Amino acid sequence: MRNCIRPDARSIPMVVPYARIPMRNYVQPGDSLAVAVPYAGGVTSGQGTLVGALFGVAAVDGAQNATIEVQTAGVFDLTKQPALAIAAGARVFWDDTNRRITTTATGNYQVGIATQAALAADATVRVVLQRVPASGA
């Protein structure tokens, strides 16, 4: 057990019924992971990156094969397919050939859901990343 202080004016100690015991094999939450940049032209911060079946958003710029951090959870504005309108709530996919978001499942990798509608004239779409196996369609 551990003791903690209540944040009220009386500051009366209270007993917490159990303490969290860390597992021996726990490494990290996994919201940010180090990966090698797979693209010949490298990546820039904020750009989507697909490494095998792992999709994330680059936290920093990196050249090909450089190790960078990618964010694998959260909400991001990502480059989308030109002239494509996307409805809020639509499943979105990563087109790794063109390195952009699309709504076409065939040959692409599901990465999340659009949280806001994007007009055809918009360059980006707001996406909440979903951890789904990137198996293509």
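None of the values given here were measured: they were computed from a predicted structure.
Among residue pairs with one or both ends in residues 34-60, those qualifying as side-chain hydrogen bond (donor to acceptor under 3.5 Å, both in side chains) are Tyr39-Asp96, Gln47-Arg99; sequence neighbours excluded. Pairs of residues two or more places apart, or lying in two chains, never qualify as side-chain hydrogen bond (donor to acceptor under 3.5 Å, both in side chains) while including a residue from residues 111-120. Note on residues 48-58: no pairs pass salt bridge (Lys or Arg N to Asp or Glu O under 4.0 Å), not counting sequence neighbours. Sequence neighbours left out, not one pair with a member in residues 101-120 passes salt bridge (Lys or Arg N to Asp or Glu O under 4.0 Å).
A ring-centre distance under 6.0 Å is not found for Tyr109 and Trp94.
With rounding to the nearest 0.5 angstrom, the NZ atom of Lys80 is 11.0 Å from the CD1 atom of Ile101.
Closest heavy-atom contact between Ser32 and Gln71: CB-OE1, 3.7 Å. Closest approach of Ala36 and Val51 over heavy atoms only: O-CG2, 3.7 Å.
Take Thr79 and apply the side-chain contact (heavy atoms from CB on, under 4.5 Å) test, not counting sequence neighbours, and it matches Arg100. With sequence neighbours excluded, the residues satisfying side-chain contact (heavy atoms from CB on, under 4.5 Å) with Ala90 are Ile86. Thr72 pairs by the side chain to side chain donor-acceptor pair (under 3.5 Å) definition with Arg131, not counting sequence neighbours. Not counting sequence neighbours, Asp61 has no partner by the side chain to side chain donor-acceptor pair (under 3.5 Å) test. By the side-chain contact (heavy atoms from CB on, under 4.5 Å) test, Val37 is found to be paired with Val43, Ile68, residues two or more places apart in sequence or in another chain being considered. In this structure Asp122 satisfies the salt bridge (Lys or Arg N to Asp or Glu O under 4.0 Å) test with no other residue, sequence neighbours excluded. Listed by chain and residue number, Thr67, Glu69 satisfy the side-chain contact (heavy atoms from CB on, under 4.5 Å) test with Ala34 (two or more places apart in sequence, or in another chain).
Under a 4.5 Å side-chain heavy-atom cut-off, the cluster of Ile, Leu, Val, Met, Phe, Trp and Tyr residues that includes Val75 is completed by Ile113, Val128.
Residues Thr103 and Leu84 are in side-chain contact: their nearest non-hydrogen atoms beyond the backbone lie under 4.5 Å apart. Two residues are said to be in side-chain contact when any heavy atoms from C-beta on lie closer than 4.5 Å; Leu78 and Thr124 fail this criterion. You'll find the side chain of Val35 reaches within 4.5 Å of the side chain of Leu54, heavy atoms only. Side-chain contact between Phe55 and Leu129 is present, with heavy atoms from C-beta onward closer than 4.5 Å.
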### Task
Please assess Asn108 against Asp95 for the test side chain to side chain contact (heavy atoms under 4.5 Å, CB included), listing each intermediate value before the final yes or no.
CA-CA 5 Å; Asn108 297 312; Asp95 172 355; 3.6 Å; yes
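One N or O on the side chain of Thr102 and one on the backbone of Thr104 form a donor-acceptor pair closer than 3.5 Å.
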